[in-house]
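Before any comments, here is the structure.
Counting begins at 1 with the first residue of the sequence.
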Amino acid sequence: MITLKNNLKITHFALILSGLNFLFFHYPFFKFVVNNIDCNTVNGIVIVVSLVILMLVLNAFVFFIMLFLSRVVGKSILVIFFIINAIAVYFVNTYSVIIDESMISNVLNTDYAESTSFLSVKMFVYLILFGILPCIFIVKTHIISVTIKKFFTITAFTLLFIFGLVIANAGNVLWIDKNSKTLGGLAMPWCYTVNISLFYVHQNQKNEKEILLPNPTILDNQKSVVVLVIGESSRAENFSLYGYKKNTNPLLSKIPNVFHFNAKSGATYTTAGVKCILEHTYSDDLNELLPNYLFRNNVEVVWRTTNWGEPPIHVKNYQNRDSLFKKCKGDGCNYDEILLTDLKEQILASKKNKILIVLHTSTSHGPTYSQKYPSQFGVFKPVCNSVELGNCSHTALINAYDNTIVYTDYILSKVISDLKQLTEYKSAMLFVSDHGESLGENNLYMHGLPMSIAPKQQFEIPFIVWVSDNSARHLKPEKMVSQGYVFHSVLNFLNIQSPIYNEELNIFEKK
């Protein structure tokens with residue numbers, strides 16, 4: 001009989017750790033399995049039982065090999081696994097996320113301030129119970145190894161058993177393949193170990209030299225400016241411009257020449273979503289992005305950001321929160337209003353006729369929605385103040401999020417107000433969100449699910465446009481657009497001709 005004592009055979013130790021790994025970290029995995037098969041059928045039961053056995057045996061086998069090769073290194077890796085597993089399963093249980101490659105990108109591109117906003121008592125409870133306590137057991141247990149002959153015997157029988165189990169489930173391959181992304185994103189510790197590797201492999205591919213686009217031609221000397229506001233986690237259904245019952249757009253709704261399109265994002269996380277907004281065509285390649293392209297071709301480009309996770313931006317005027325804070329005055333400097341600091345003055349100071357301003361906001365990023373806006377914009381009450389969104393009432397959560405939309409409405413109205421004063425310029429403002437947000441629907445929170453399974457709240461986004469009276473521009477009656485319309489619409493408005501311009505992806509009617 002196996003007992004938890006100071007001395008354990010390596011096989012027993014590996015089996016115990018596999019069992020703990022299974023019990024502590026795989027409730028979400030098997031909850032998904034049970035919810036997506038018919039457990040009342042023999043085949044459904046076979047799938048569940050087979051996955052349980054396969055997970056226990058395969059993890060024990062991997063742990064056994066690591067510990068046999070090196071007890072010190074093996075134990076160190078297992079300690080890391082249990083610590084990360086504990087944190088990962090907290091996020092899976094609390095926010096219903098899936099640890100796939102896109103989520104890894106989200107995590108690695110999150111700055112310190114935003115990451116600390118997730119800290120909670122519940123997270124530390126998970127860390128202590130499921131991470132630190134098992135680690136103490138791992139460190140203190142003395143492992144009795146086996147001979148090389150027995151190692152190869154165990155390895156051969158285990159591989160043979162796993163192979164037989166896979167063959168027995170050959171008829172379920174289609175189901176497993178269909179759900180492989182979700183299953184892989186919930187299997188600890190392989191969801192993050194594999195996807196971190198994939199992330200860096202793909203990142204290295206993307207870090208190859210940017211593919212330059214063919215040079216454009218500026219067709220006139222008319223002073224023109226476009227302010228592109230990239231929203232963060234804004235979903236269309238919470239904008240009253242889109243029919244939402246609560247008045248979240250009290251200012252924009254009263255401004256002439258404000259239009260909105262139904263739109264979908266190309267991704268559900270920031271890095272990919274922003275790339276979709278800035279590229280001329282959806283691609284896995286690192287094509288030259290809109291601000292880089294225009295800056296290289298004699299257009300004044302200013303990038304202002306309170307966010308992170310953006311693709312490579314190569315412009316002279318790159319301004320983050322710290323650089324803007326030096327000139328900002330007032331309470332708004334602690335929020336996204338800081339992006340408007342001396343904006344009008346910077347446009348007027350430009351010596352170029354064509355200007356693109358990009359404001360990359362962070363206004364509606366969770367889980368700390370109630371901290372994203374000044375107190376005067378907290379018009380809907382009560383609000384959720386917890387980072388554990390599932391602990392808040394749905395009403396309080398929605399109220400906190402809706403207040404971020406009210407604040408977004410204010411920021412956009414301020415941009416329009418500044419542009420109206422630039423009478424020498426033909427001006428336009430485009431507001432497009434990087435992706436949407438889940439707020440408890442189907443027990444899902446925030447964003448980052450794979451597009452193949454993401455709910456509409458994570459990809460149906462606002463696409464709002466304002467044009468100045470003197471621009472004499474009208475918009476096409478498009479029923480549905482995408483983030484891919486931004487690149488070509490900006491070129492059109494600034495009257496810049498390019499070989500890669502696509503009229504079908506332009507929101508403005510021909511003059």
Does [Y] offer a backbone N or O that forms a donor-acceptor pair with the side chain of [X] under 3.5 Å?
{"X": "T217", "Y": "L219", "result": "no"}
{"X": "R235", "Y": "E437", "result": "yes"}
{"X": "Y425", "Y": "V226", "result": "no"}
{"X": "N195", "Y": "I99", "result": "yes"}
{"X": "E441", "Y": "Q457", "result": "no"}
{"X": "S417", "Y": "S413", "result": "no"}
{"X": "T306", "Y": "R321", "result": "no"}
{"X": "S489", "Y": "Y485", "result": "yes"}
{"X": "N249", "Y": "S240", "result": "yes"}

Less than 4.5 Å apart, side chain to side chain, heavy atoms only: is that true for [X] and [Y]?
{"X": "V92", "Y": "Y27", "result": "no"}
{"X": "I411", "Y": "L339", "result": "no"}
{"X": "E310", "Y": "W303", "result": "yes"}
{"X": "I230", "Y": "V358", "result": "yes"}
{"X": "M446", "Y": "L389", "result": "yes"}

Evaluate whether atom [atom1] of [X] has more than 12 neighbouring non-hydrogen atoms of other residues, nucleotides or ligands under 6.0 angstrom away.
{"X": "K456", "atom1": "NZ", "value": "no"}
{"X": "E424", "atom1": "CD", "value": "no"}
{"X": "E504", "atom1": "CD", "value": "no"}
{"X": "K264", "atom1": "NZ", "value": "no"}
{"X": "N35", "atom1": "CG", "value": "yes"}
{"X": "K420", "atom1": "NZ", "value": "yes"}
{"X": "F259", "atom1": "CZ", "value": "yes"}

Task: Intermediate values then yes/no, ring pair (Phe, Tyr, Trp, His ring centres under 6.0 Å), F295 and H314 - done: CA-CA 8 Å; F295 174 71; H314 311 302; 9.5 Å; no
TODO: Any chance you could lay out the side-chain contact (heavy atoms from CB on, under 4.5 Å) test for I405 and S364, step after step, and finish with the verdict?
DONE: CA-CA 7 Å; I405 306 303; S364 296; 3.7 Å; yes
Open item on the list: Restricting to ring-ring contact (aromatic ring centres under 6.0 Å, His included), what partner residues turn up for H447, sequence neighbours left out?
Closed with: H365, H435
Open item on the list: Go through it in stages, so that I can follow the logic: the residues are K426 and R473, the test is side-chain contact (heavy atoms from CB on, under 4.5 Å), and I'd like the CA-CA distance, side-chain angles, deciding distance and then a yes or no.
Closed with: CA-CA 10 Å; K426 292 182 177 180; R473 290 301 185 102; over 6 Å; no
- [ ] Measure the spacing between CD1 of I255 and CG of D409 and express it to the nearest 0.5 Å.
- [x] 7.5 Å
Open item on the list: Please report the interatomic distance CD1(I355) to OG(S350), rounded to the nearest 0.5 Å.
Closed with: 4.0 Å
Open item on the list: Go through it in stages, so that I can follow the logic: the residues are Y407 and Y373, the test is ring pair (Phe, Tyr, Trp, His ring centres under 6.0 Å), and I'd like the CA-CA distance, side-chain angles, deciding distance and then a yes or no.
Closed with: CA-CA 6 Å; Y407 186 49; Y373 52 85; 7.3 Å; no
- [ ] Under the side-chain contact (heavy atoms from CB on, under 4.5 Å) rule, what do M103 and Y192 come out as? Steps first, then yes or no, please.
- [x] CA-CA 9 Å; M103 185 55 64; Y192 56 84; over 6 Å; no
Task: Note: D342-K327 ion pair, threshold 4.0 Å (strictly below) - done: no
Open item on the list: Parallel, tilted or perpendicular: which one describes the rings of F261 and F463, with boundaries at 30° and 60°?
Closed with: perpendicular
- [ ] Show the numbers, then the answer: is there a salt bridge (charged side-chain N to carboxylate O under 4.0 Å, His left out) between K354 and D220?
- [x] CA-CA 9 Å; K354 306 297 182 181; D220 63 33; 2.5 Å; yes
Open item on the list: Looking only at side-chain N and O atoms, does S120 offer a donor or acceptor that is under 3.5 Å from a partner on Y90?
Closed with: yes
- [ ] Kindly determine whether H488 and E503 satisfy side-chain contact (heavy atoms from CB on, under 4.5 Å), including the steps that lead there.
- [x] CA-CA 7 Å; H488 305 278; E503 175 59 31; over 6 Å; no
- [ ] List the steps and the verdict of side-chain hydrogen bond (donor to acceptor under 3.5 Å, both in side chains) for Y242 and N262.
- [x] CA-CA 8 Å; Y242 285 83; N262 293 320; 5.5 Å; no
